[in-house]
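Keep in mind it's a predicted model, so treat the numbers as computed, not measured. All residue numbers refer to positions in the sequence shown, counting from 1.
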Amino acid sequence: MSEFSKKYLEAGAALNIAHGEYVGRLVDVQPLPDGYVCGVYRFSGGDCAEGSRLKVS
């Protein structure tokens with residue numbers, strides 16, 4: 001897990017998220033404009049950029 005992923009968790013993001021019967025685990029973060037990031041979660045069918053949009057320094 002990257003340092004930004006750890007900071008993302010410290011900022012209040014979830015380690016695991018669920019979509020129906022599928023559970024995804026945080027594997028990385030996706031940079032967004034203005035210093036924000038969102039989580040990249042790994043599901044059985046592949047990775048998905050999901051989760052809270054948080055500012056991580």
Side-chain angles (χ1 to χ4, degrees):
M1 183 179 295
S2 70
E3 288 301 314
F4 276 114
S5 297
K6 291 176 185 174
K7 289 180 181 181
Y8 182 67
L9 287 172
E10 290 171 3
L15 179 60
N16 297 307
I17 60 172
H19 285 289
E21 63 194 66
Y22 303 104
V23 176
R25 185 170 181 88
L26 182 69
V27 293
D28 207 351
V29 293
Q30 173 68 45
L32 300 171
D34 299 327
Y36 286 89
V37 297
C38 72
V40 176
Y41 289 84
R42 180 154 297 148
F43 290 88
S44 59
D47 294 351
C48 182
E50 284 285 330
S52 304
R53 182 178 179 256
L54 300 171
K55 192 152 195 140
V56 176
S57 55

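Qualifying side-chain contact (heavy atoms from CB on, under 4.5 Å) partners for V29, counting only residues two or more places apart in sequence or in other chains: F4, S5, Y8, V37. Listed by chain and number, the residues in a salt bridge (Lys or Arg N to Asp or Glu O under 4.0 Å) with E21 amount to none (sequence neighbours excluded). For S52, there are no side chain to side chain donor-acceptor pair (under 3.5 Å) partners, not counting sequence neighbours. Under the side chain to side chain donor-acceptor pair (under 3.5 Å) criterion, R42 pairs with D47, sequence neighbours left out. A search for salt bridge (Lys or Arg N to Asp or Glu O under 4.0 Å) contacts involving K7 returns nothing, not counting sequence neighbours.
Each ring pair (Phe, Tyr, Trp, His ring centres under 6.0 Å) pair with one or both residues in residues 15-57, not counting sequence neighbours, appears once here: H19-F43. Here salt bridge (Lys or Arg N to Asp or Glu O under 4.0 Å) pairs that include residues 25-34, with residues two or more places apart or in two chains, number zero. The list of salt bridge (Lys or Arg N to Asp or Glu O under 4.0 Å) pairs with a residue in residues 48-57, not counting sequence neighbours, is empty.
Cluster membership for L9 and V40, using ILVMFWY side-chain heavy atoms within less than 4.5 angstrom, is not shared. Linking Ile, Leu, Val, Met, Phe, Trp and Tyr residues whenever their side-chain heavy atoms come within less than 4.5 Å places L15 and V56 in a single cluster.
Looking at every heavy atom in both residues, C38 comes nearest to G51 through CB-O, 4.4 Å.
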